[in-house]
Amino acid sequence: MHPTFWLPAEDCVRRPRSRSSPYDLWHRERHLEASPGKTVSYEHVAEHLQALFDRYDIQRLVSDRWNMSHLRPWLLKSRL
């Protein structure tokens, strides 16, 4: 299992680092993926997932239902 969390890249820079949410550190340590821009790009997420499917023998993709309706078209376009 490889959980992946996403944040807009601008938030990694803009949000102040705090003890409770060190986004910049989490991003550097690869615990958090950054999507270019001010919002998470579902196209970028789908491309990232496609690269993982191309590299690994992934059997199942599980996601939070929240905003899945926005990601689903990009996943279908990528044929995931």
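Start at 1 with the first residue, then count along the sequence.
W26 is not listed as a side-chain neighbour of L7, based on a closest heavy-atom distance of 4.5 Å or more. Between P8 and S35, the closest side-chain pair of non-hydrogen atoms is not below 4.5 Å.
In this structure, L75 CG and M68 CE are separated by 5.0 Å, a value rounded to the nearest 0.5 Å. Atom CZ of residue R65 and atom CG of residue L71 lie 15.0 Å apart, to the nearest 0.5 angstrom. Distance CD/Q50 to CZ/R55: 14.0 Å, rounded to 0.5 Å. The structure places CG of L52 at 6.5 Å from OG1 of T4, a figure rounded to the nearest 0.5 Å.
Checked against side-chain hydrogen bond (donor to acceptor under 3.5 Å, both in side chains), D57 has the following partners two or more places apart in sequence or in another chain: Q59. Judged as a salt bridge (Lys or Arg N to Asp or Glu O under 4.0 Å), and not counting sequence neighbours, the contacts of E33 are R30. With sequence neighbours excluded, the residues satisfying side chain to side chain contact (heavy atoms under 4.5 Å, CB included) with E29 are L25, H31. Among residues two or more places apart in sequence or in another chain, the ring-ring contact (aromatic ring centres under 6.0 Å, His included) test is passed with H48 by W6.
Of all non-hydrogen atoms in H44 and A34, the two that sit nearest each other are NE2-O, 3.7 Å.
Screening residues 56-75 for ring pair (Phe, Tyr, Trp, His ring centres under 6.0 Å), with sequence neighbours left out, gives Y42-H70.
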